[in-house]
Amino acid sequence: MSTSRSRLRIAIIGAGMIGRAHAHAFRSLREFFQPAPADVDLALVVDADAALARDAQERFGFERTAASWQDAVEARDIDVAVVALPNHQHREVVEALIARGKHVLCEKPLAVNLSDAQAMLRAARRAGVVHGVGYNLRRAPAVAAIQRAVARGDFGEPWQFSGRYFTDYAASPEVPFTWRYRRILAGGGALADVGSHLIDLGRFLLGEIETVQGAMLATFIGRRPVPAEHAVGHARVATTGEFREVDTDDVASFTARFRNGTVADFHISRIATGYRNSPAFELIGSRASAAFDMERAGEFEFFDATREGEVNGPCRVVVGPGHPHFGNVSVLPVAGAGYGYTETYMIQAYEFVRAVLGQTPGYVPSFEDGCAVAHVVDAVQRSATDGRLVSIERISE
Ligand SMILES: NC(=O)c1ccc[n+]([C@@H]2O[C@H](COP(=O)([O-])OP(=O)(O)OC[C@H]3O[C@@H](n4cnc5c(N)ncnc54)[C@H](O)[C@@H]3O)[C@@H](O)[C@H]2O)c1
């Protein structure tokens with residue numbers, strides 16, 4: 001159930017670290033995308049922290065603020081809602097929104113466990129709304145170019161995927177205790193948080209994961225200081241002197257096999273000292289290989305084995321207007337001008353709006369993708385507990 005209207009009114013629920021990235025992204029559509037897919041009004045920003053909501057209103061020009069997400073559910077003028085709340089609140093809020101016919105872009109991971117994710121998918125299908133999950137790394141121009149190359153067959157038979165998501169946002173024991181460090185609120189630690197991005201990237205490139213084995217989850221910083229004030233994202237704030245126990249993983253690793261036979265290893269850490277925000281992968285096929293690291297988003301490595309010769313070798317491809325999405329989101333549409341995480345949010349917002357307007361057949365990654373990732377996260381958690389190979393049954397949500 002898309003809409004043919006040329007004006008969409010958006011609510012962003014959660015004005016924390018990532019709610020702001022969404023606000024910037026939706027606000028930028030008119031400036032960057034010509035023609036803009038629709039007039040997008042930033043109608044409402046919701047946050048329980050009133051000062052944060054007001055700050056977002058002033059920065060991004062929202063028409064109004066609210067402290068309760070129910071306001072977005074009840075508001076008749078809202079067409080699209082972005083849910084950028086802590087993971088444990090996604091299900092309740094998303095289900096209430098879609099019951100009122102709102103189109104929903106929900107942050108990742110879709111839910112804190114597989115059964116919640118499945119329930120959300122069922123509810124979205126019943127309501128017939130457009131639904132999406134914030135796996136924005138698919139929108140990186142270099143990643144999209146590599147995916148197109150895989151789909152064209154440029155890699156030949158994909159043989160091996162080696163992925164890592166290393167970041168050090170939690171490497172200091174002084175980073176305060178927030179919802180991310182509590183299993184019932186987050187659904188998991190590094191695995192569910194940044195690992196879910198990496199799993200989605202693997203699926204984007206290679207399709208479904210069939211089995212998982214050899215999983216390990218570990219927590220190295222077992223307690224964290226209690227913040228004395230609201231900590232946005234990974235911010236360090238004053239603390240009370242008390243500590244709380246962490247029950248989510250800092251580090252995760254596992255091996256997997258994709259349904260197409262590709263053998264894979266995944267390494268994930270939120271305490272990877274010195275790696276600031278480094279989702280990265282190597283993909284090896286029978287005819288080509290590629291390597292990408294989001295910390296150097298403006299380039300990737302590619303080797304074409306069909307062109308062997310004395311002057312052939314792995315080449316550094318500099319991303320530019322010839323790559324997917326780049327021309328739209330770079331103010332300087334020149335190869336080498338670069339792009340980053342922020343731009344992936346702009347592309348995500350653009351694609352979501354187009355799907356809501358019926359200009360594309362539905363939105364991908366959808367709640368189906370959110371569920372598929374939840375299956376893998378669940379399998380990794382089970383493999384880590386009992387040490388066994390876990391098959392991922394397909395998925396008849
Ligand atoms: N795609 C990405 O790269 C990416 C990056 C960061 C976070 N995320 C996801 O975005 C979501 C939010 O993460 P974050 O880092 O922005 O968290 P955050 O803690 O910085 O922000 C969450 C905000 O929600 C508000 N909030 C909490 N409960 C509320 C309620 N009941 N009503 C109204 N407001 C409420 C808090 O006051 C806070 O400002 C999570 O699901 C996270 O996994 C995705």
Side-chain angles (χ1 to χ4, degrees), residues 108-110 114 117-118 121 133 135-165 191 194-215 252-268 279-294 300-307 314 317 323-324 361-383 388-397:
K108 46 55 55 183
L110 185 56
L114 177 57
Q118 289 169 315
L121 172 58
V133 187
Y135 286 120
N136 56 301
L137 290 173
R138 291 181 179 222
R139 307 299 185 201
V143 172
I146 293 169
Q147 190 275 336
R148 287 186 190 182
V150 174
R152 271 197 309 270
D154 295 359
F155 283 80
E157 187 185 1
W159 282 336
Q160 198 166 11
F161 173 86
S162 184
R164 68 146 200 259
Y165 198 140
L191 171 67
V194 291
S196 62
H197 269 302
L198 189 61
I199 293 164
D200 185 68
L201 259 188
R203 293 181 58 256
F204 180 50
L205 297 170
L206 297 161
E208 296 304 345
I209 290 172
E210 197 168 54
T211 55
V212 158
Q213 64 184 318
S253 76
F254 61 98
T255 59
R257 192 184 283 274
F258 285 83
R259 196 171 294 160
N260 71 4
T262 309
V263 168
D265 55 271
F266 292 76
H267 304 281
I268 298 144
F281 63 84
E282 285 158 337
L283 175 59
I284 297 168
S286 55
R287 291 159 58 110
S289 61
F292 172 72
D293 181 347
M294 189 68 197
F300 61 96
E301 242 182 61
F302 190 79
F303 176 72
D304 180 353
T306 64
R307 298 181 51 217
V317 181
H323 291 94
Y363 181 81
V364 178
S366 69
F367 285 10
E368 282 168 36
D369 298 284
C371 265
V373 173
H375 269 280
V376 180
V377 168
D378 181 71
V380 174
Q381 288 170 335
R382 283 193 285 137
S383 168
R388 285 212 294 259
L389 179 147
V390 180
S391 296
I392 298 167
E393 302 295 330
R394 189 65 199 165
I395 296 176
S396 51
E397 278 97 21

Results of side-chain contact (heavy atoms from CB on, under 4.5 Å) for [X] - residues two or more places apart only:
X      : value
Val364 : Arg138, Asp369
Ala215 : Phe254, Val380, Ser383, Ala384
Arg257 : Thr211, Val263
Ala117 : Leu110, Ala111, Cys371, Ala374

Minimum heavy-atom separation for [X] to [Y], with atom names?
X      : Y      : value
Ala379 : Ile392 : CB-CG1, 3.9 Å
Val150 : Leu205 : CG1-O, 3.3 Å
Ala142 : Phe292 : CB-CE1, 3.5 Å

Partners meeting salt bridge (charged side-chain N to carboxylate O under 4.0 Å, His left out) with Arg287 (sequence neighbours left out):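 Counting only residues at least two positions away or on another chain, Arg287 forms no salt bridge (charged side-chain N to carboxylate O under 4.0 Å, His left out).
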Roughly how far apart are [X] [atom1] and [Y] [atom2], rounded to 0.5 Å?
X      : Y      : atom1 : atom2 : answer
Leu191 : Ser253 : CG    : OG    : 10.0 Å
Trp159 : Ser286 : CH2   : OG    : 5.0 Å
Gln160 : Leu206 : CD    : CG    : 11.5 Å
Arg203 : Leu198 : CZ    : CG    : 12.5 Å

Residues which pass side chain to side chain donor-acceptor pair (under 3.5 Å) with [X], listed by chain and number, not counting sequence neighbours:
X      : value
Glu282 : none
Asp265 : Ser162, His267
Arg382 : Asp378
Asp293 : Arg164, Ser278

By ring pair (Phe, Tyr, Trp, His ring centres under 6.0 Å) - contacts of Phe303 (at least two apart): none
Partner residues of Phe161 under the ring pair (Phe, Tyr, Trp, His ring centres under 6.0 Å) criterion, sequence neighbours left out: Phe266, Phe281
Test item: Leu121 and Glu368 side chains (from C-beta on) under 4.5 Å apart, heavy atoms: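 Leu121 reaches Glu368 side chain to side chain.
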Any side-chain heavy-atom pair of Tyr165 and Leu137 under 4.5 Å: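 They are in contact (side-chain heavy atoms under 4.5 Å apart), so the answer is yes.
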Selection residues 139-153 - residue pairs positive for salt bridge (Lys or Arg N to Asp or Glu O under 4.0 Å), sequence neighbours left out: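 For residues 139-153: Arg152-Asp154.
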